[in-house]
There are 4 protein chains.
Amino acid sequence: MSPKVGMEPIRRQQIIEAAKQCIVAKGLPHFSIKDIAKEAKLSTGVIYHYFENKDDLLVDVLKSSFSETEQLVQKNVDQATSYHEKIQAYLETVAEVPDQNPDFYLILLNYLSQAPYNDELKRVISRFFLNLGEFIEGILKIGFKEGVIKKVETKPVANLILSQAMGIAFYYLVTNETVSKEKINRDFVEIFKKYIE
Amino acid sequence: MSPKVGMEPIRRQQIIEAAKQCIVAKGLPHFSIKDIAKEAKLSTGVIYHYFENKDDLLVDVLKSSFSETEQLVQKNVDQATSYHEKIQAYLETVAEVPDQNPDFYLILLNYLSQAPYNDELKRVISRFFLNLGEFIEGILKIGFKEGVIKKVETKPVANLILSQAMGIAFYYLVTNETVSKEKINRDFVEIFKKYIE
Amino acid sequence: MSPKVGMEPIRRQQIIEAAKQCIVAKGLPHFSIKDIAKEAKLSTGVIYHYFENKDDLLVDVLKSSFSETEQLVQKNVDQATSYHEKIQAYLETVAEVPDQNPDFYLILLNYLSQAPYNDELKRVISRFFLNLGEFIEGILKIGFKEGVIKKVETKPVANLILSQAMGIAFYYLVTNETVSKEKINRDFVEIFKKYIE
Amino acid sequence: MSPKVGMEPIRRQQIIEAAKQCIVAKGLPHFSIKDIAKEAKLSTGVIYHYFENKDDLLVDVLKSSFSETEQLVQKNVDQATSYHEKIQAYLETVAEVPDQNPDFYLILLNYLSQAPYNDELKRVISRFFLNLGEFIEGILKIGFKEGVIKKVETKPVANLILSQAMGIAFYYLVTNETVSKEKINRDFVEIFKKYIE
DNA sequence: GATGAATGAGTTTTCATTCAT
DNA sequence: CATGAATGAAAACTCATTCAT
C-alpha cells in the first residue's frame, strides 16, 4: 500500500515530530517509546529500525528543534540590510519566538536541565549557543564598520542577549503571567540597544 | 545510641539534604528512593515514615532550597541602609549566587523543567519569583522616595532582573564557559543600574 | 494519668474492637497494624505487647465475634420454655442477626474465605458451627420428647438451617437488595418448621 | 517456535487459568503477579501486556468462572423438556457443582468476601445471581403454565435456592465434613420441591 | 507499660529493548 | 520494512515486626 522503500527520511521525521509532541505534552522524563509509537501511529519495533536507541532519538529531536529556530532567525535577519534593521530584526525575532513557536523554549528547557548530566547534550546545546552568539557578533561587527556603534566586546553582549531571552522565556513558561509580557519584550529590545550603543 | 523518639526534624533535614545531593549528582529524573536512602545512610522505608511519597519529598527539597536563597538575599540586603547600597547588594548577591551556592541554580533548573507539567511546582516556583520580585520592588520604592531614581514600573524591572540572572546562570551551567563570566556579571549589574536610573 | 497496671483485659478488648472496625471498613486483607493502632488510638508497638502477632490478634477477633453471637442466641432461646417457643426463637434470632448485628456476617464472610488456607481458622469456625448445630439438635430433642415433632436426623437439619441462614446473609451483603428480605426471612422460618414437622 | 502475533486470546486464557490456580492454592489475597507468571510459565511483564492491572485481571478471572458455571447449568437444563425434568436438573446441577467443579465455590467465596469493599465485584456477582435467579424463575413459570405448581413469588424462591446452595457449599468448604453431604443434597432438592409445590 | 522510629523483604507496575513472524 | 509479543531489571511504595528510649 504505502511505499515501502525510501521511507527513511519520512519515517525519521514522523518519529521525531511524535517525540516532540510527547516532550511538549508530558516532559522529557515522562514518556516511553510506546508513547512515541502511539503518537506516530507506528509500532514500537519500527522506531528501533530508524534509531539506535531512545537517547539517540532524543538527541535528534533536539537537533531538529535547533535547526528550525536557527533557520527562522537567519531568514528574518537576512531580509534586513543595514545594521539597524538587522539588530532590530534579530532582537525582535528572539523576543517573539515564544509566541511564534511556543514549543521551542519548552523543549529547550527540558533538554537544558539534562545537559549537566549528559556530555552529548552539552555539546549540542553549546554549539547552538555558539552559533547564535556568532550570529549576533556578525551583526555587531557590521554596526562597528558602519560606525553606528562603539567598539564592544561582542562575546559578553551575545551571551547577555541570549541569557536574557532564555530567562524571560522560562520565566513565563512557569509563571504563566502575560500581563507585563509585551512591556518586558519592548524593554528587552531597548535595554540591549542602549547597552550596545 | 541515637534517640528513638523526636527524630522528625533531624531525619527530615537529613533526607532532604541527601535528595539534594542526588539531584546535583544525577539530575531530577535519574535517581531513586533507594539512592536517596543510600546517600542518607538510612533504609528506604524510613523515608516514607517522614514523607508521604517521592513527589512530596521533592517539593520539600525545592522549598528548602528556596528558603536558603531567600535568607541569603535578605541578610545581604538588610545589612545595607541606603538605596544605593541596597540595590548594589541585591544585584551582587544575585550575581554571586552561582559562586557561593553553585548547586542552587542547578537544582532550580531541574525543577523549572518539570514545572510546566506539575501545578504544585508551578505554584512554589511562582511564589519564589514573586517574593524576590517584591523584594526588588521594595528597594526601588526606597530609591524613589530618596529621590535618587525616576519612577519606574517596578514589576517589569524585577522580572527582567530575575530573568537575566537565571538565564546567565543556566547558560554557564551548560556551557561551562568561565572566561567572560566576571565581565558578564559586572555588565549585568551595570545594565540594570543604568536601566533603572 | 490512666491506670498503668491491670490494663491487660481492657487493652486487649480495645485492640480487638479496633481490628473489627478495620475489617468492617476495609476487609481482612486491606488494613495494617498501623490502621488498627490508629483506630484504637494507640501506638503500633503496644499491640505487640498484648498479642503475639497479627495473625494471633485476628484469630482472637473472630473468637470474640463468635462468642457474642453465641451469647445472643443462647439468651433468646433460654427465655423460651416449650419446644415451639424455642425453635421459633432460634430461627427468628438467626434470621434477625443481620439486622441486629450487621457486622457479624460481614466479619464471618471475611474469615470464611480465609479458612480453606488456614487450619486454625478452620478449627475455630468448625467449632462455632458445631456449637450452633448442637444447640439446634438440643432443641429438636426436646421437640421429640414433647412428642410434637417426628424423629429427624438432627445433624443434616442443623446444617441446612445454618447453611441457609449464612447463604441468605451473604446474598444480601453483596447484592444490597432489601425488597424481598422480609418475605425471605419469613419463608426461611416456615420452610424449616415444615421440614422438621 | 510459537507464533508471535495474534497471541492475545491464547495468552489471556492462559493467564486467567494460572490466576485461578493461584486463588485455589493460596487464596485471593495471598499470591502475587509473580506467582501467576510462574504458574503460567510467563514473565511478569507479559501479564501487563494483556491486562491493565492485577484488579482487572482478577475481575476477568471471576467473569470466566461465572461464565463456565452458567454454561454448565444451561446445558443440563436445556436437555430437559418438561417442568419436572427441568427443575430436577436445575436443583441437581446446583447441588452437584461442588463435586463436578470443586474450585467454583472456593473461587466464589474468595470474591464474595471482597465484594462488600469493591463495587465492580459487587456488580459482577449481583449480575450472576440475577442471571441464575431469572433462570429459575423461567423454569417456575413453565411449571405454572403446565399447571403442575401453584403460583409462587418466583424471586424469593430463586433467592432461597441460591442462598441455600451457596451456604451448603461454603459450609463444607470450611468444615470438610463429608458424612452427611449426600443426605444434605437430597434434602436440599426435596425441601425446595416441596416449598414450590 | 507505651511510644514511634527503623528495617528490609516483598508487592505492583513500567519500560527499553529484542526478535520471531 | 513492520508488527507487537516477550523479557526482566528496576522503580515506588507497603508493612509486619523489633527495639531503644
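Not measured: the values here are computed from a predicted model. A, B, ... follow the sequence lines: proteins, then strands. Residue 1 opens every chain.
- For the 3.5 Å distance criterion, the side chains of B/Ser64 and B/Lys20 qualify, holding a donor opposite an acceptor.
- As rounded to whole Å, 12 Å separates atom P of F/dA11 from atom CD1 of B/Ile36.
- Summarising the local packing, NZ of D/Lys122 is surrounded by more than 12 heavy atoms from other residues, nucleotides or ligands at distances under 6.0 Å.
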For DNA chain F, the dot-bracket notation using Watson-Crick and G-U wobble pairs below 3.5 Å, [ ] for pseudoknot-type crossings and | for other-strand pairs, is .||||||||||||||||||||
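- Nucleotide E/dG4 holds its C1' atom 11 Å from the CD atom of B/Glu8, rounded to whole Å.
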Detail all sub-3.5 Å separations between protein N/O atoms and N/O atoms belonging to nucleotides 12-16 of chain F.
| residue | atom | partner | partner atom | Å |
| --- | --- | --- | --- | --- |
| F/dA12 | OP1 | B/Lys54 | NZ | 2.3 |
| F/dA12 | OP2 | B/Ile33 | N | 2.9 |
| F/dC13 | OP2 | B/Tyr48 | OH | 2.9 |
| F/dC13 | OP2 | B/Lys54 | N | 2.9 |
| F/dA16 | OP1 | C/Lys54 | NZ | 2.5 |
| F/dA16 | OP2 | C/Ile33 | N | 2.7 |

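- Contact of the B/Arg11 side chain with the B/Leu42 side chain is registered, since non-hydrogen atoms from C-beta on lie closer than 4.5 Å.
- When each of E/dA2, E/dA6, F/dA6 is scored by its nearest atom to the side-chain atoms of C/Arg11, the top-ranked nucleotide is E/dA2.
- The phosphate of E/dG4 (OP1 or OP2) has no side-chain N or O of C/Ser43 nearer than 4.0 angstrom.
- Ring geometry for C/Phe170 versus C/Tyr105: interplanar angle over 60°, hence perpendicular rather than tilted (30 to 60°).
- Distance B/Gln14 CD to E/dA6 C1': 12 Å, rounded to the nearest Å.
- We find that CD1 of B/Ile47 is positioned 13 Å from P of F/dA11, with the value rounded to whole Å.
- Figure legend: D/Lys54 and D/Phe31 shown as a cation-pi pair, the cationic atom lying under 6.0 angstrom from the six-membered ring centre and within 45 degrees of its axis.
- Taking atom C1' on both F/dT21 and E/dG1, the two are 13 Å apart, rounded to the nearest angstrom.
- Side-chain contact annotation: B/Glu17 with B/Gln13, donor-acceptor N/O pair under 3.5 Å present.
- Looking at heavy atoms from C-beta onward, C/Leu106 lies out of side-chain contact with C/Ile23 at the 4.5 angstrom threshold.
- With rounding to whole Å, A/Leu42 atom CG is found 17 Å from E/dT17 atom P.
- Regarding D/Ile10, its CD1 atom lies at a distance of 16 Å from the P atom of F/dG4, rounded to whole Å.
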In sequence, state the C-alpha distance, the side-chain angles, and the governing distance for D/Tyr111 and D/Val124, and then conclude on side chain to side chain contact (heavy atoms under 4.5 Å, CB included). CA-CA 10 Å; D/Tyr111 282 93; D/Val124 173; over 6 Å; no
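- Rounded to whole Å, atom P of F/dT17 lies 17 Å from atom NE2 of C/His49.
- Judged by distance alone, the side chains of A/Asn110 and B/Tyr117 do bring a donor and an acceptor atom under 3.5 Å apart.
- When the P atom of F/dA2 is taken as reference, atom NZ of A/Lys41 falls 17 Å away, rounded to whole Å.
- When heavy atoms are screened at a 4.0 angstrom cut-off, C/Tyr50 is found touching the sugar-phosphate backbone but no base atom.
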